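Start at 1 and go down the list; that is how both ligands and their atoms are numbered. No experiment lies behind these values; they were computed from the predicted model shown.
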Amino acid sequence: MNSIAENIRAIRSRMAAAAEAAGRDPGEILLVGASKMNGADACRAAVAAGIDALGENRGQEMTAKLAESAYDGAPLHFIGHLQRNKVRQVVGTVSLIHSVGSWPLLEEIQRQAERRELTQEVLLEVNVGGEESKSGFAPEAVYEAAERAKALGNIRVRGLMTIPPIQREPHGNLPFFAKIARLYVDISRNLYDNEFTYLSMGMSDDFEDAIAAGATVVRVGSAIFGHRQYH
Ligand SMILES: *Cc1c(COP(=O)(O)O)cnc(C)c1O
């Protein structure tokens, strides 16, 4: 099996090739390691290999790994489904929350950030496939949510995130990625003075297509850490 460092090197070169093929600067695309279910040693190896950030899915797992200094040396992001009663664990602990998919969640993040007197950076999650099982704003609703969020004084929206439906066909996600990329440009230009930075889309199986469509952040788990052992 390849080491984490070798995997990261291989992914970086595939990212660069995908960026160049799309006429983009590879330097503008961040690699976030999706480290759920991988231990502190694996996280430290990814940090040592120069990962741009690590992303966790569960507050409890993140808290335990923080106690082991798993993330020292790299920014920490939250990428998983966030329950309102877990917001307190995450606000101020992570530099970016990717997965903010409802208005009540935005309000709770605002409440906790205000209490702690900090500004929390977030991405709005878009449920691009309209799937019941997934959270996120409907594509038709995210523009208005981004507009309303400007009134929340302790939140700064930095972009959008999406997880498209599982595809069977190669490149099946491209239309979904393209749709969210258009929304991202639109909202950034019309509401945020072109200051959006993060378009978070693409995982192990489709990050090259996400880059072709305009992703500036890819979240890669198994291609870095190996297949996860679910118990
Ligand atoms: C696990 C996870 C990923 C990475 O998935 P892989 O297919 O293992 O690369 C990306 N984003 C989110 C939100 C995840 O939960």
Side-chain angles (χ1 to χ4, degrees), residues 1-4 6-15 18 29-39 42-43 45-46 49 51-62 65 70-71 74-83 86-87 89-90 94-102 105 121-129 131 133-137 142 158-174 176-177 180 184 198-213 215-231:
M1 217 177 79
N2 288 336
S3 72
I4 286 169
E6 285 165 343
N7 290 341
I8 289 175
R9 210 174 308 124
I11 290 162
R12 290 263 193 218
S13 79
R14 287 170 59 192
M15 288 171 65
I29 304 164
L30 297 183
L31 175 59
V32 176
S35 47
K36 58 176 177 280
M37 305 182 72
N38 285 281
C43 294
I51 199 96
D52 294 309
L54 287 167
E56 286 291 348
N57 285 64
R58 291 178 186 279
Q60 202 178 351
E61 180 179 342
M62 182 182 82
K65 280 147 81 174
Y71 315 112
L76 177 59
H77 293 180
F78 194 83
I79 63 175
H81 177 65
L82 184 55
Q83 290 165 308
K86 300 287 166 59
V87 165
Q89 281 183 321
V90 169
V94 303
S95 56
L96 184 68
I97 306 174
H98 290 226
S99 41
V100 182
S102 74
L105 191 53
E121 301 202 341
V122 306
L123 307 182
L124 301 182
E125 180 173 359
V126 189
N127 184 355
V128 65
E131 295 168 283
S133 61
K134 287 208 177 107
S135 43
F137 291 99
V142 69
R158 300 293 312 273
L160 302 181
M161 178 268 219
T162 199
I163 307 172
I166 290 169
Q167 298 301 318
R168 295 180 197 290
E169 301 297 318
H171 311 297
N173 279 332
L174 261 176
F176 293 107
F177 290 147
I180 300 308
Y184 172 85
Y198 302 124
L199 176 55
S200 169
M201 54 188 196
M203 315 199 290
S204 292
D205 291 335
D206 57 14
F207 66 85
E208 286 146 316
D209 286 338
I211 289 169
T216 65
V217 182
V218 296
R219 308 175 311 271
V220 178
S222 47
I224 294 176
F225 297 106
H227 284 287
R228 290 178 288 275
Q229 302 292 322
Y230 288 95
H231 307 291

(request) Select the closest option to atom 14 (C) of ligand 1 among Met203, Arg219, Lys36, judged by heavy-atom distance. (result) Lys36
(message) What's the separation between atom CG in Asn7 and atom OG in Ser222, rounded to the nearest 0.5 Å?
(response) 10.0 Å
(request) Please work out whether any backbone atom (N, CA, C, O) or any side-chain heavy atom from C-beta onward of Asn57 is under 4.0 Å from ligand 1, and answer side chain, backbone, both or neither. (result) side chain
(request) Heavy-atom distances under 4.0 Å are what count here, so tell me which part of Ala34 touches ligand 1: side chain, backbone, both or neither. (result) side chain
(request) Please could you name the atoms of ligand 1 that Arg228 approaches to less than 4.0 Å, counting only its heavy atoms? (result) 1 (C), 8 (O)
(request) Would you mind running through ligand 1 and noting each atom that sits below 4.0 Å from a heavy atom of Val220? (result) 9 (O)
(message) What I want to know is whether Gly221 and ligand 1 share at least one N or O pair that is separated by under 3.5 angstrom.
(response) yes
(message) Tell me whether ligand 1 is touched by Ile163 - counting only heavy atoms on the residue side and a distance under 4.0 Å.
(response) yes
(request) Measure the distances from the heavy atoms of His98 to every atom of ligand 1 and state whether one is below 4.0 angstrom. (result) no
(request) With side chain to side chain contact (heavy atoms under 4.5 Å, CB included) as the test, would you mind laying out the steps for Met161 and Val217 before giving the verdict? (result) CA-CA 9 Å; Met161 178 268 219; Val217 182; over 6 Å; no
(request) Let me see the working for Asn173 and Asp209 under side-chain hydrogen bond (donor to acceptor under 3.5 Å, both in side chains), right down to the final yes or no. (result) CA-CA 7 Å; Asn173 279 332; Asp209 286 338; over 6 Å; no
(message) Just to verify, which of Val94, Ile51, Leu54 counts as forming a side-chain contact (heavy atoms from CB on, under 4.5 Å) with Tyr71?
(response) Leu54
(message) A quick test of your reading: do over 12 heavy atoms of other residues, nucleotides or ligands sit less than 6.0 Å from CZ of Arg12?
(response) yes
(message) Is it true that Tyr198 and Glu121 share a donor-acceptor pair across their side chains at a distance under 3.5 Å?
(response) no
